[in-house]
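Just below is one structure, and these are the notes that go with it.
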Amino acid sequence: MPDFGFWGLAIDANDVKSLAEFWRDTANYEIVDTNFPWVAVLTSDEPAQPRIIILQVPENKTAKNRVHLEFNTDDLKSEADRIVALGATLVAEREFGDTRWIVMQDPEGNEFCLVDPDH
């Protein structure tokens, strides 16, 4: 059987460098490989965390993401405030059962969530 496994999650961008810097600061990742303006690869110190790959595309985002990142936190408000200060937009606050989450967009409009599953 060939070697096959999940390598990372790609995010489209018009400005790879600035979006890579946003995700570096938001997710506490490190930019480990670049070929600006086309691509940047980010990794975490935690080996189980997936890579984030930022890819340059010519078109702007026009519809809701079908796949998005989700980050676990026990302090939704503080983390949302921190990430908004980095350039994100708060879209909505939601709750279902014992889980609360905040839907956000990065500076280029890509959706992601902050989740507190133990609310």
Checking N110 against H68 for the side chain to side chain contact (heavy atoms under 4.5 Å, CB included) test, could you report, in this order, the C-alpha distance in whole Å, the side-chain angles of both residues, the deciding distance, and whether it holds?
CA-CA 8 Å; N110 300 298; H68 63 268; over 6 Å; no
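- Connection of I83 to I31 is established within a shared hydrophobic cluster, with ILVMFWY side chains joined at heavy-atom distances below 4.5 Å, either directly or through further cluster members.
- Between F112 and W23, the ring-plane angle classifies as perpendicular under the 30° and 60° cut-offs.
- One distance of note links CG of L42 with CG of N28; it measures 11.5 Å at 0.5 Å rounding.
- Proximity of W7 to V41: side-chain heavy atoms (C-beta onward) are separated by under 4.5 Å at one or more points.
- Of all non-hydrogen atoms in F71 and A27, the two that sit nearest each other are CE2-CB, 3.8 Å.
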For side chain to side chain contact (heavy atoms under 4.5 Å, CB included), just list the numbers for R24 and T26, CA-CA rounded to whole Å, side-chain angles, deciding distance to a tenth of an Å, and then say yes or no.
CA-CA 6 Å; R24 175 199 63 205; T26 295; over 6 Å; no
Full working for side chain to side chain contact (heavy atoms under 4.5 Å, CB included) between M104 and V84
CA-CA 9 Å; M104 303 187 81; V84 165; 3.6 Å; yes
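- Atoms OG1 and CD, on T43 and Q49 in that order, are 11.0 Å from each other to the nearest 0.5 Å.
- Here the closest non-hydrogen pair linking L90 and A80 is CD1-CB, 4.2 Å.
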Begin from the C-alpha positions of F22 and D15 and carry the test side chain to side chain contact (heavy atoms under 4.5 Å, CB included) through to its verdict.
CA-CA 11 Å; F22 169 82; D15 184 342; over 6 Å; no
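- The shortest heavy-atom contact between A20 and A40 is CB-CB, 3.7 Å.
- Listed for the N14 side chain is a donor-acceptor partner under 3.5 Å among the backbone atoms of E59.
- No single ILVMFWY cluster, assembled from side-chain heavy atoms under 4.5 Å apart, contains both F6 and V32.
- When all heavy atoms are compared, the tightest approach of L55 to I53 is CD2-CG2, 3.7 Å.
- With respect to W101, the side-chain contact (heavy atoms from CB on, under 4.5 Å) criterion is satisfied by exactly one of L114, V115, L76: V115.
- The distance from atom OG1 of T99 to atom CZ of R94, rounded to the nearest 0.5 Å, is 14.0 Å.
- Heavy-atom minimum distance, V39 versus V16: C-CG1, 3.7 Å.
- For N35, the CG atom is densely surrounded, since the number of other residues' heavy atoms within 6.0 Å is greater than 12.
- By the 4.5 Å heavy-atom criterion applied to side chains, D81 and E79 are not counted as neighbours.
- With rounding to the nearest 0.5 angstrom, the CD1 atom of I102 is 4.5 Å from the CD atom of E93.
- Note that CG of N72 is 7.0 Å distant from CG of D116, once rounded to the nearest 0.5 Å.
- Both L19 and F36 are members of a single hydrophobic cluster when ILVMFWY side chains are connected at heavy-atom separations under 4.5 Å.
- Linking Ile, Leu, Val, Met, Phe, Trp and Tyr whenever their side-chain heavy atoms come within less than 4.5 Å puts I52 and V67 in one cluster.
- Clustering ILVMFWY residues whenever any of their side-chain heavy atoms sit less than 4.5 angstrom apart, transitively, puts I54 in a cluster other than the one holding W38.
- In this structure, E111 pairs ionically with K61, as a charged nitrogen and a carboxylate oxygen lie closer than 4.0 Å.
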